[in-house]
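Please read the structure below before turning to the comments.
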Amino acid sequence: MSEKIDLSSYVPSEDEEFMNVNQRAYFRAKLVAWKNDILREARETLDHLAEESANHPDLADRASSETDRAIELRARDRQRKLISKIDAALQRIEDGTYGYCEETGEPIGLKRLDARPIATLSIEAQERHERREKVYRDE
């Protein structure tokens, strides 16, 4: 699909048919923009790490630099996982399952999707999942 949605003027509405062409295009554009931002930040991090690879004669400076590098790499790893979730959401848009709860099949809700476009569970299903997770974690 090649719909173009101006994110600055279109806002999905509960008054529309759920996951109509405009809503799918809106969420696709939002996901692609988010992915592009993450990839741009990753490139900047790689450039920064390449510049930072200078040998620090002072042990404290070297330790600080290594700690900063480890934190950056951990953040990039989390973002790599986020990209796979974004790609999965884009695939769900293509196959027509985007916006529907994986557990119940009910619509997730536009406000939740706007806040978290990679959501796969409705708020109720997510809360149930988190309660079960807490119970098992407490045991």
Side-chain angles (χ1 to χ4, degrees):
M1 289 186 208
S2 61
E3 303 98 7
K4 295 288 182 197
I5 292 293
D6 180 6
L7 290 175
S8 64
S9 65
Y10 176 76
V11 177
S13 165
E14 300 288 341
D15 299 335
E16 304 172 88
E17 177 188 350
F18 187 71
M19 282 303 126
N20 62 42
V21 172
N22 287 341
Q23 288 179 1
R24 287 192 311 268
Y26 171 83
F27 286 111
R28 181 182 303 107
K30 188 170 186 141
L31 287 160
V32 167
W34 191 13
K35 181 179 176 178
N36 289 338
D37 286 346
I38 292 169
L39 292 172
R40 179 186 42 75
E41 289 172 7
R43 281 189 296 275
E44 289 172 2
T45 296
L46 287 174
D47 292 345
H48 175 72
L49 290 175
E51 292 170 7
E52 244 321 285
S53 67
N55 202 0
H56 298 288
D58 182 47
L59 285 177
D61 288 346
R62 189 176 316 154
S64 177
S65 178
E66 289 299 319
T67 300
D68 291 348
R69 178 180 293 230
I71 290 169
E72 272 301 324
L73 291 174
R74 198 172 14 225
R76 292 300 152 236
D77 187 50
R78 278 195 303 273
Q79 289 185 331
R80 179 187 53 80
K81 292 173 184 169
L82 182 56
I83 286 176
S84 70
K85 289 181 180 183
I86 292 171
D87 287 340
L90 289 167
Q91 183 57 48
R92 287 193 306 277
I93 289 174
E94 294 308 312
D95 66 25
T97 60
Y98 182 81
Y100 295 92
C101 179
E102 288 182 346
E103 197 172 283
T104 65
E106 296 293 316
I108 289 175
L110 294 174
K111 287 181 182 177
R112 175 160 168 74
L113 288 171
D114 210 23
R116 184 148 179 87
I118 58 173
T120 59
L121 299 173
S122 65
I123 290 175
E124 297 80 15
Q126 182 69 38
E127 288 172 348
R128 280 193 305 274
H129 174 75
E130 288 172 3
R131 278 194 301 272
R132 282 191 305 262
E133 203 173 70
K134 183 181 184 317
V135 167
Y136 290 123
R137 192 177 35 216
D138 289 345
E139 292 177 350

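Below, all heavy atoms of this structure are taken into account, side chains as well, without hydrogens, waters or symmetry copies.
For D15, the side chain to side chain contact (heavy atoms under 4.5 Å, CB included) test picks out S13, with sequence neighbours left out. By the side-chain hydrogen bond (donor to acceptor under 3.5 Å, both in side chains) test, T104 is found to be paired with no residue, residues two or more places apart in sequence or in another chain being considered. Looking at residues two or more places apart in sequence or on another chain, you find a salt bridge (charged side-chain N to carboxylate O under 4.0 Å, His left out) between D77 and R80, K81.
The list of salt bridge (charged side-chain N to carboxylate O under 4.0 Å, His left out) pairs with a residue in residues 33-43, not counting sequence neighbours, reads K35-D87, D37-R40, R40-E44. Judged as a salt bridge (charged side-chain N to carboxylate O under 4.0 Å, His left out), the pairs with a partner in residues 99-108 (not counting sequence neighbours) are, in order, E103-R128, E103-R132. Pairs passing the ring-ring contact (aromatic ring centres under 6.0 Å, His included) check and including a residue from residues 73-94, sequence neighbours excluded, do not occur. For the ring-ring contact (aromatic ring centres under 6.0 Å, His included) condition, no pair includes a residue of residues 103-135, sequence neighbours left out. Within the structure, no pair that satisfies the ring-ring contact (aromatic ring centres under 6.0 Å, His included) test touches residues 59-86, not counting sequence neighbours. Screening residues 107-127 for salt bridge (charged side-chain N to carboxylate O under 4.0 Å, His left out), with sequence neighbours left out, gives K30-D114. Evaluation of the ring-ring contact (aromatic ring centres under 6.0 Å, His included) test over residues 63-99, restricted to residues two or more places apart or in two chains, returns F27-Y98.
Y10 and W34 fall within the same hydrophobic cluster, defined by Ile, Leu, Val, Met, Phe, Trp and Tyr side-chain heavy atoms under 4.5 Å apart, directly or through other members.
Here the CD1 atom belonging to I108 is positioned 7.0 Å from the CG atom belonging to L121, to the nearest 0.5 angstrom. Distance check, rounded to the nearest 0.5 Å: CG of L90 to CD1 of I118 gives 11.0 Å. Separation of atoms CD (Q23) and CZ (R28) is listed at 12.5 Å; rounding is to 0.5 Å. Atom CE of M19 is separated from atom CD of E16 by 9.5 Å, given to the nearest 0.5 angstrom.
Closest non-hydrogen pair, P117 versus A89, comes out as O-CB, 4.1 Å. Contact between G105 and Y100 at its shortest, heavy atoms only, is O-CD2, 3.5 Å. Heavy atoms only, all atoms of each residue included: R92 and A119 are closest at NH2-O, 3.7 Å. Contact detail for I86 and L31: the closest heavy-atom pair is CG2-O, 3.6 Å.
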Problem set entry | Intermediate values then yes/no, side chain to side chain contact (heavy atoms under 4.5 Å, CB included), L110 and F18 | CA-CA 8 Å; L110 294 174; F18 187 71; 3.9 Å; yes

